[in-house]
K.L.:
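First the structure, then my questions, so here it is.
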Amino acid sequence: MPPVFRFAPSPNGYLHLGHALSALLNADRARAGGRLLLRIEDIDEARCRPEFEAAIYEDLAWLGITWERPVRRQSEHYDDYRTALARLDAMDLVYPSFESRAEIARMVTKREPWPRDPDGTPLYPGDAKSISAAERARRMATAEPYALRLDMQAAIARAGSLTWDETGAGPAGETGTIAADPALWGDVILARKGTPTSYHLAVVVDDAAQGITDVVRGCDLFHSTSVHRLLQALLGLPQPRYHHHRLILDADGRKLSKSTQATGLRELRARGVPAAGIRALVGLD
Ligand code: GLU
């Protein structure tokens, strides 16, 4: 069976050199004897736009990358995420929380020092876990917003210890067999009122649905892999191999953002940089 790779951009801005590195690494591997699938991660309906999605296809084609059709668009697969969520719920691993991000920030200032996840967000303190089933149902039926969270402690107790096979490296050079540490993330959000999935849930459901054998992506997602391994184990999904690659940084050493014009593929193209020149700019060849 040939390895199956994927490039999974979010259409919430234009692609930059960081995306080009990721897409080219996946395409090079697929060209050497594998398949390349494309996935449009468009669950954030407020920020994703059709013109950004069209630009993704255009920029990838300009780079000389070819991918299989049909493209999987996450917004067309909400039922798959609902099914996965229902399975986790049936294991008693899901509960609703009702606090806003600002409220959580206030709650934890009173309890400092308070643990933060690898992205710097304070862990959810778990207060809503003690709300009774009847009260949960009552509040979820109102207009009040809520997030559905994974009961991390119970999930870890159920899944046991997990590892993954890393052929790239994490931010601290971690490579080889990595022990997953999903507790770093606390009770992660799996879905919200009106949005049946979060990034973490969608990515594991989709990697399995698309038969992805090899995940090649930026090392900013290295620690997220712990959550992905946990969800794969709970949902009985296959475990891909992982290769986390270096990030392209800006002149100040910061990760590129979608608004960094100077490194946008369209800006570089408009300035006359040939597609072949992009490989050199991202340190390939
Ligand atoms: N959609 C994510 C991003 O654009 C990538 C997700 C992944 O590769 O797992 O950063």
Side-chain angles (χ1 to χ4, degrees), residues 3-27 29-30 36-49 52-53 55-57 59-60 63 65 67 71-77 80-81 84 118-119 121 164-171 178 180 182 185 188-190 195 197-232 237-249 254-260 263-265 282:
V4 185
F5 301 90
R6 53 43 161 209
F7 178 56
S10 297
N12 55 12
Y14 293 113
L15 300 187
H16 53 58
L17 288 175
H19 298 107
L21 175 62
S22 216
L24 288 167
L25 286 173
N26 276 288
R29 283 168 166 73
L36 178 61
L37 307 186
L38 184 59
R39 179 160 82 229
I40 299 295
E41 300 210 326
D42 60 348
I43 54 171
D44 185 350
E45 286 174 10
R47 292 173 64 222
C48 292
R49 300 218 300 256
F52 293 137
E53 184 177 332
I56 288 171
Y57 303 133
D59 291 347
L60 292 178
L63 283 174
I65 291 173
W67 59 91
V71 168
R72 184 172 171 100
R73 301 175 71 243
Q74 291 187 325
S75 57
E76 292 168 358
H77 297 278
D80 294 0
Y81 313 132
D119 289 344
T121 305
W164 79 85
D165 184 14
E166 173 68 50
T167 59
I178 309 289
W185 295 91
V188 286
I189 294 178
L190 297 173
T195 310
T197 185
S198 64
Y199 160 68
H200 295 305
L201 183 62
V203 92
V204 298
V205 168
D206 289 345
D207 283 339
Q210 293 189 288
I212 304 301
T213 60
D214 292 81
V215 172
V216 178
R217 62 184 177 191
C219 76
D220 51 335
L221 292 168
F222 177 83
H223 289 295
S224 294
T225 312
S226 288
V227 177
H228 302 168
R229 286 292 301 115
L230 176 62
L231 294 175
Q232 285 158 0
L237 302 176
Q239 155 179 20
R241 288 178 290 265
Y242 288 90
H243 182 101
H244 291 90
H245 61 73
R246 66 191 158 83
L247 299 181
I248 306 273
L249 303 176
R254 280 187 305 248
K255 195 182 126 181
L256 300 184
S257 75
K258 291 225 163 94
S259 54
T260 320
T263 55
L265 297 183
V282 298

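As the structure lists them, so they are numbered: ligands from 1, and atoms in each ligand from 1.
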K.L.:
Does ligand 1 have a heavy atom under 4.0 Å from the side chain of Leu221, from its backbone, from both, or from neither?
P.N.:
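The answer is the side chain of Leu221.
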K.L.:
Less than 6.0 angstrom separating the ring centers of Phe5 and His243, yes or no?
P.N.:
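Between His243 and Phe5, which both carry aromatic rings, the centre distance is not below 6.0 Å.
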K.L.:
Run the numbers for me: atoms of ligand 1, each under 4.0 Å from some heavy atom of Val203, listed by number.
P.N.:
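In order of numbering, the contacting atoms are 9 (O).
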K.L.:
Pairing donors with acceptors under 3.5 angstrom, does anything connect the side chains of Arg39 and Gln210?
P.N.:
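Per modelled atom types, Arg39 and Gln210 side chains form a pair under 3.5 Å.
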K.L.:
Take every heavy atom of Arg6, measure it against each atom of ligand 1, and state whether any distance is under 4.0 Å.
P.N.:
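A heavy atom of Arg6 does come that close to ligand 1.
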K.L.:
Between Glu41 and ligand 1, is there a nitrogen or oxygen pair with a distance under 3.5 Å?
P.N.:
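Right, the criterion is met.
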K.L.:
Would you mind finding which of Pro11, Gly18, Ser10, Ala202 brings a heavy atom closest to atom 4 (O) of ligand 1?
P.N.:
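The option holding the nearest heavy atom is Ser10.
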K.L.:
Quick one about Glu166 and His244 (side-chain donor to acceptor, distance below 3.5 Å, no hydrogens or angles considered), yes or no?
P.N.:
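Side chains of His244 and Glu166: pair found under 3.5 Å.
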K.L.:
Determine, using heavy atoms of Tyr199 and all atoms of ligand 1, whether some pair is separated by less than 4.0 Å.
P.N.:
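For ligand 1, residue contact (heavy atoms, under 4.0 Å) with Tyr199 is present.
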K.L.:
Would you mind checking if Asp44 and Arg49 are paired as a salt bridge, meaning a charged N to carboxylate O distance below 4.0 Å?
P.N.:
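Salt bridge between Arg49 and Asp44, a charged N being under 4.0 Å from a carboxylate O: no.
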K.L.:
Evaluate the criterion side chain to side chain contact (heavy atoms under 4.5 Å, CB included) for residue pair His245 and Ser22; output intermediate values, then yes/no.
P.N.:
CA-CA 8 Å; His245 61 73; Ser22 216; 2.8 Å; yes
